[in-house]
Amino acid sequence: MKLLVTGGAGFIGSNYIHYILAEDPEAQVVNFDALTYAGNLENLAGIDKDPRYTFIKGDITKPNAVAAALEAHQVDAVVHFAAESHVDRSLHVGTRTFILTNVLGTQNLLDACRAHKVARFVHVSTDEVYGSLGPEGRFTEASPIQPNNPYAATKAASDFMVRAACHSHGLDAVITRCSNNFGPYQFPEKLIPLMIANALEDKPLPVYGDGCQVRDWIYVEDHCRGVDAVLRKGKTGEIYNIGGSHDVPNLDVVRRILAILQKPESLIKYVKDRPGHDRRYAIDASKIERELGWQPRLDFDTALRKTVAWYLEHRTWWERIRSGEYRKYYAAMYGNR
Ligand code: NAD
Ligand code: TYD
């Protein structure tokens, strides 16, 4: 199977490429990534030597670039991870790139897949499209779409464009909606890697508001296995929730990281809350479990220990990001976007 993976230099996309090339000897991957601030080819160190792997520096907001990639490579499926993915940036930096990449970029891919008769399109989306829960209940695939921040709104819009391409034009598309991922290669602006890195540097750990917002956490490799199950066995036009069955307040996660690293809780610093901060996410993943036989393999504590160990062992990786060094390498190799 030959795949075009968008956003393969990012956190989940790079983990997916590692996973698929290790698991499936027949797999070939074309990684199509614009190398934004979140794209880091160091996430794929070693993979670039694999003859089954090709990298294209390309931007999904550019229809010609997408068409050229699909012309050059006859792929069986597109697995679409590329996105602007950070809620805080969508709130504080600006929404324009979110709309361009998440909405227009997804539409460009859908159009190109139709034109090039790509057999399957897997759209990787998020539980954030469902908005926030009260104290009870879980998101199912039938929950209303009620995004509350600009990131979530653009992901919801892209989900609808995928649905429309499937319904109106018969494109074979499937959507996954996953909860909060963590694991190797996660950009240290997201909660877990930020807290690990700050704790290791004895810097304050910024907890938004009261820290009682609840998220469901899943180890990234479990998400990758879920995406792969949907790619291979998912039914056209269907949506599959993916979750780790571990929904806890942010403060619990932060305290657990400090405990693993044997750092004091006095490092926790309560800071101004995120505007419109969603209070609780919890996901019902029984459909993918029942229909596709998928289940998360790693429990939260084991996965968190593994993740902390990875950040300890790969200190240079995240230090180069925090210092900005990693961008200098790309600027020299590929130019800036
Ligand atoms: P990320 O920000 O780490 O990586 C995004 C990647 O997309 C980067 O490599 C970046 O260079 C690339 N990209 C951005 N704009 C592009 C463009 N215009 N053209 C081509 N490439 C572009 O994101 P992530 O955390 O790996 O998330 C991947 C996907 O999974 C996203 O669609 C996100 O919405 C979804 N998701 C993420 C989580 C999570 O917890 N991180 C949870 C559920 C769903
Ligand atoms: P984040 O990793 O940004 O993921 P998302 O917003 O997509 O869920 O944040 C996870 C949770 O952690 C969210 O409730 C916001 C909170 N948070 C903090 O309290 N402090 C921080 O510095 C960050 C980045 C997040």
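First listed ligand is number 1; within each ligand, the first listed atom is number 1. Along the sequence shown, residues carry numbers from 1.
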Please report whether ligand 2 has a polar contact with [X], defined as an N or O pair separated by less than 3.5 Å (distance criterion only).
X	result
His277	yes
Arg215	yes
Tyr208	yes
Val207	no

More than 12 heavy atoms from other groups under 6.0 Å of [atom1] on [X]:
X	atom1	answer
Arg315	CZ	yes
His314	NE2	yes
Glu201	CD	yes
Lys2	NZ	yes
Arg89	CZ	yes

Give the single entry among [options] that approaches [atom] most closely by any heavy atom.
atom	options	answer
atom 7 (O) of ligand 1	Ala82, Ser158, Ser125	Ala82
atom 5 (P) of ligand 2	Gln186, Glu128, Met195	Glu128
atom 43 (C) of ligand 1	Ala34, Gly105, Cys178	Cys178
atom 16 (C) of ligand 1	Ile218, Thr101, Asn31, Val129	Thr101
atom 34 (O) of ligand 1	Phe81, Phe11, Tyr151	Tyr151
atom 10 (C) of ligand 2	Val253, Asn180, Leu91	Asn180
atom 5 (C) of ligand 1	Ala152, Ala83, Gly58	Ala83

Rounded distance (nearest 0.5 Å) linking atom [atom1] of [X] with atom [atom2] of [Y]:
X	Y	atom1	atom2	value
His223	Asn180	NE2	CG	11.0 Å
Leu4	Ile56	CG	CD1	6.5 Å
Asn149	Phe98	CG	CZ	9.0 Å

Geometric N/O contact [X] with ligand 1, under 3.5 angstrom:
X	result
Asp59	yes
Asn180	no
Gly8	no
Asn40	no
Phe32	no
Thr126	no
Thr36	yes
Ser85	yes
Asn181	yes

Can you tell me the protein heavy atom closest to [atom] and the distance?
atom	answer
atom 20 (N) of ligand 2	Pro206 O, 2.8 Å
atom 9 (O) of ligand 2	Arg274 NH2, 3.9 Å
atom 2 (O) of ligand 2	Leu191 N, 2.9 Å

Legend entry - Hphob cluster co-occupancy, Tyr16 + Ile288, side-chain heavy atoms under 4.5 angstrom: yes
Going by an N to O cut-off under 4.0 Å, is there a salt bridge joining [X] and [Y]?
X	Y	answer
Asp228	Arg225	no
Arg120	Asp172	yes
Asp301	Arg305	yes
Arg138	Asp247	yes

For ligand 2, note which part of [X] has a heavy atom under 4.0 Å away: side chain, backbone, both or neither.
X	result
Asp278	neither
Asn250	side chain
Glu189	backbone
Leu194	side chain

Looking only at heavy atoms, is any part of [X] under 4.0 Å from ligand 1, and if so is it the side chain, the backbone, or both, or is it neither?
X	result
Leu35	backbone
Lys155	side chain
Tyr16	neither

Legend entry - salt bridge (charged side-chain N to carboxylate O under 4.0 Å, His left out) between Glu128 and Arg177, worked out: CA-CA 8 Å; Glu128 300 207 21; Arg177 291 192 181 134; over 6 Å; no
Inset, instruction - Can you run down the side-chain hydrogen bond (donor to acceptor under 3.5 Å, both in side chains) pairs that involve residues 24-34, sequence neighbours left out, and say none if there aren't any? - result: Asp24-Arg232, Asn31-Tyr53
Any atoms of ligand 1 less than 4.0 Å from a non-hydrogen atom of [X]? List them with their elements.
X	value
Gly10	3 (O), 4 (O), 6 (C), 8 (C), 9 (O)
Val124	30 (O), 32 (O)
Gly7	6 (C), 7 (O), 9 (O), 12 (C)
Ala9	9 (O)

Legend entry - Ser14 near ligand 1 by a heavy-atom separation under 4.0 Å: no
Inset, instruction - Please state whether Thr6 comes within less than 4.0 angstrom of ligand 1, counting heavy atoms only. - result: no
Inset, instruction - State whether the side chain of Thr302 and the backbone N or O of Leu298 hold a donor-acceptor pair below 3.5 Å, judged by distance alone. - result: no
Inset, instruction - With sequence neighbours left out, write down each residue that passes side chain to side chain donor-acceptor pair (under 3.5 Å) with Lys233, or none if nothing qualifies. - result: none
Inset, instruction - Could you tell me whether the side chain of Ile268 reaches within less than 4.5 Å of the side chain of Tyr270, counting heavy atoms only? - result: yes
Inset, instruction - Determine the interplanar angle of the Phe139 and Tyr281 rings, folded into 0 to 90°, and report it as parallel if under 30°, tilted if 30 to 60°, perpendicular if over 60°. - result: tilted
Inset, instruction - Answer yes if the ring centres of Tyr151 and His86 are under 6.0 angstrom apart, and no otherwise. - result: no
